[in-house]
Protein chains: 2
Amino acid sequence: MNRRRDEPASSERSTRQKRLIRSVFEASERPLSPEDVRSAAARGGEGVSLSTVYRAIRTLVEDGWLAVVELPGSGARYEVAGKAHHHHFVCEACRRVYELEGCLAVDALKLPRGFRATSHDIVISGECASCRRARTRR
Amino acid sequence: MNRRRDEPASSERSTRQKRLIRSVFEASERPLSPEDVRSAAARGGEGVSLSTVYRAIRTLVEDGWLAVVELPGSGARYEVAGKAHHHHFVCEACRRVYELEGCLAVDALKLPRGFRATSHDIVISGECASCRRARTRR
DNA sequence: CTGCGTGCAAATGCTTTGCAAAGAC
DNA sequence: GTCTTTGCAAAGCATTTGCACGCAG
């Protein structure tokens, strides 16, 4: 039904940079910012320029290969698309982003007459287990 | 229990600009961006500089008089705090922000062990009634 | 070869900050 | 008069874009 999600649009050229950027996302279990991607890519020897990361991300989002994750109080982050519908948890202490399972019945929120929803974003903020543990001694 | 929410902290001076900025928020029924505030304020003859708006907003948020509204894909907006708990709807066509009544039982989203939630943001995106009407002819 | 993709630097757009002048008390 | 607040311009950031060169096909 949808285009395959494991490769970019056909008209694009395969370059070292693009392959590297995609592998960084595939290896990550949490949403990444463009800078996260650049530094992660840099760790592997050959790097990528930030502008290339931005351009690649834009294309990958348009291709549907990446999903945008908007978080309150910080720039957008991205994660490989196609995962089961889920939402995120942001730890206010360490700023790490966790993926949560499942989704509320958002349909329960009644919209005004004539309004039609196409998507929703839910972000829970709080304190993650490791920060809590660290704070409450040990 | 909480500080009064109808006036700023006591140590601050009352200036024409601050009074104007607060009145703009009180007169608005939807969240405003700093630029929204500046232009709304400007309509009333005497204006305010953007930097003053930014400074006032920051103070008002710290005082708890304003609440921050984070929207996917655009800068933060602000609304007077103290309203009943609610969420927002962003029309993807006209970009207007509407307030929705009620709230889902967010507690239904199970957090991992040890995680503690302190707040949540829910934003529904879609098409509002007036844009839909305009699009479907008439 | 032909042309898309990349890196760098410059340009943006939004928000913050330094500083001298204006205003509140 | 003293100390806060304002406005403007400059500084910061994050993101985008123009361009010349390099690499994929």
Side-chain angles (χ1 to χ4, degrees), chain A residues 7-25 31-63 65-79 90 95 97, chain B residues 7-25 31-63 65-79 90 95 97:
Chain A
E7 54 180 40
S10 52
S11 63
E12 291 166 26
R13 292 182 179 177
S14 173
T15 63
R16 176 182 67 75
Q17 291 86 333
K18 285 178 186 169
R19 269 174 266 127
L20 179 51
I21 291 171
R22 293 213 294 145
S23 70
V24 166
F25 277 112
L32 302 174
S33 68
E35 173 53 34
D36 288 338
V37 176
R38 209 224 43 195
S39 57
R43 266 177 238 122
E46 314 268 343
V48 199
S49 76
L50 237 200
S51 20
T52 295
V53 172
Y54 274 103
R55 279 186 280 233
I57 285 177
R58 196 202 309 191
T59 309
L60 291 171
V61 168
E62 289 169 353
D63 288 353
W65 195 86
L66 275 183
V68 184
V69 179
E70 302 277 0
L71 300 174
S74 60
R77 280 152 189 269
Y78 307 85
E79 63 184 5
V90 182
R95 292 267 98 196
V97 179
Chain B
E7 53 180 43
S10 52
S11 64
E12 291 166 26
R13 291 181 179 178
S14 173
T15 64
R16 175 182 68 75
Q17 291 86 334
K18 285 178 187 168
R19 269 174 266 128
L20 180 51
I21 291 170
R22 292 211 295 143
S23 70
V24 166
F25 276 113
L32 303 174
S33 68
E35 173 53 36
D36 288 339
V37 176
R38 211 224 42 197
S39 57
R43 268 177 237 122
E46 313 268 345
V48 199
S49 75
L50 237 200
S51 20
T52 296
V53 173
Y54 274 103
R55 278 186 281 233
I57 286 177
R58 195 204 306 193
T59 309
L60 292 170
V61 168
E62 288 169 354
D63 287 352
W65 194 88
L66 277 182
V68 184
V69 179
E70 302 277 0
L71 300 173
S74 60
R77 282 153 188 267
Y78 306 85
E79 64 184 5
V90 182
R95 291 266 98 195
V97 179

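Letters go in sequence order (proteins before strands), and every chain restarts at 1.
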Can you check the [X] [atom1] to [N] [atom2] distance for me, whole Å?
X     : N      : atom1 : atom2 : value
A:R58 : C:dC4  : CZ    : C1'   : 15 Å
B:Q17 : D:dT6  : CD    : C1'   : 6 Å
A:I57 : D:dT17 : CD1   : P     : 15 Å
B:E12 : D:dT5  : CD    : P     : 6 Å
B:K18 : C:dA24 : NZ    : P     : 11 Å
A:R19 : D:dC23 : CZ    : P     : 13 Å
A:L50 : C:dT12 : CG    : P     : 20 Å
A:R38 : D:dC13 : CZ    : P     : 15 Å

Problem set entry | B:K18 (side chain) donor-acceptor with B:R13 (main chain) under 3.5 angstrom | yes
Exercise. Looking at side-chain heavy atoms only, is the closest gap between A:Y78 and A:V68 below 4.5 Å?
Worked result: yes
Exercise. 5'-most contact on DNA chain C: B:G75 or A:V48, nearest heavy atom basis?
Worked result: A:V48
Exercise. How many angstroms lie between CG in B:L60 and CD in B:E12, if you round to the nearest 0.5 Å?
Worked result: 7.0 Å
What's the closest nucleotide to the side chain of [X] if the choices are [options]?
X     : options               : answer
A:Y54 : D:dA24, D:dT16, C:dC8 : D:dT16
A:R55 : D:dT17, D:dT15, D:dG7 : D:dT17
A:S49 : C:dC8, D:dA24, C:dT17 : C:dC8
A:R13 : C:dG18, C:dG7, C:dG3  : C:dG3

Seminar exercise, completed: Of all heavy-atom pairs linking B:S49 and B:R38, the shortest is C-CG, 4.2 Å
Problem set entry | Minimal non-hydrogen separation, B:D36 against B:P31, with atom names | OD2-O, 4.4 Å
For this session: Would you mind classifying the nucleic acid contact of A:S51 as base, sugar-phosphate or nothing, using non-hydrogen atoms under 4.0 angstrom?
Result: base
Problem set entry | Residue-phosphate contact under 4.0 Å: B:T52 side-chain N/O, D:dG7 OP1/OP2 | yes
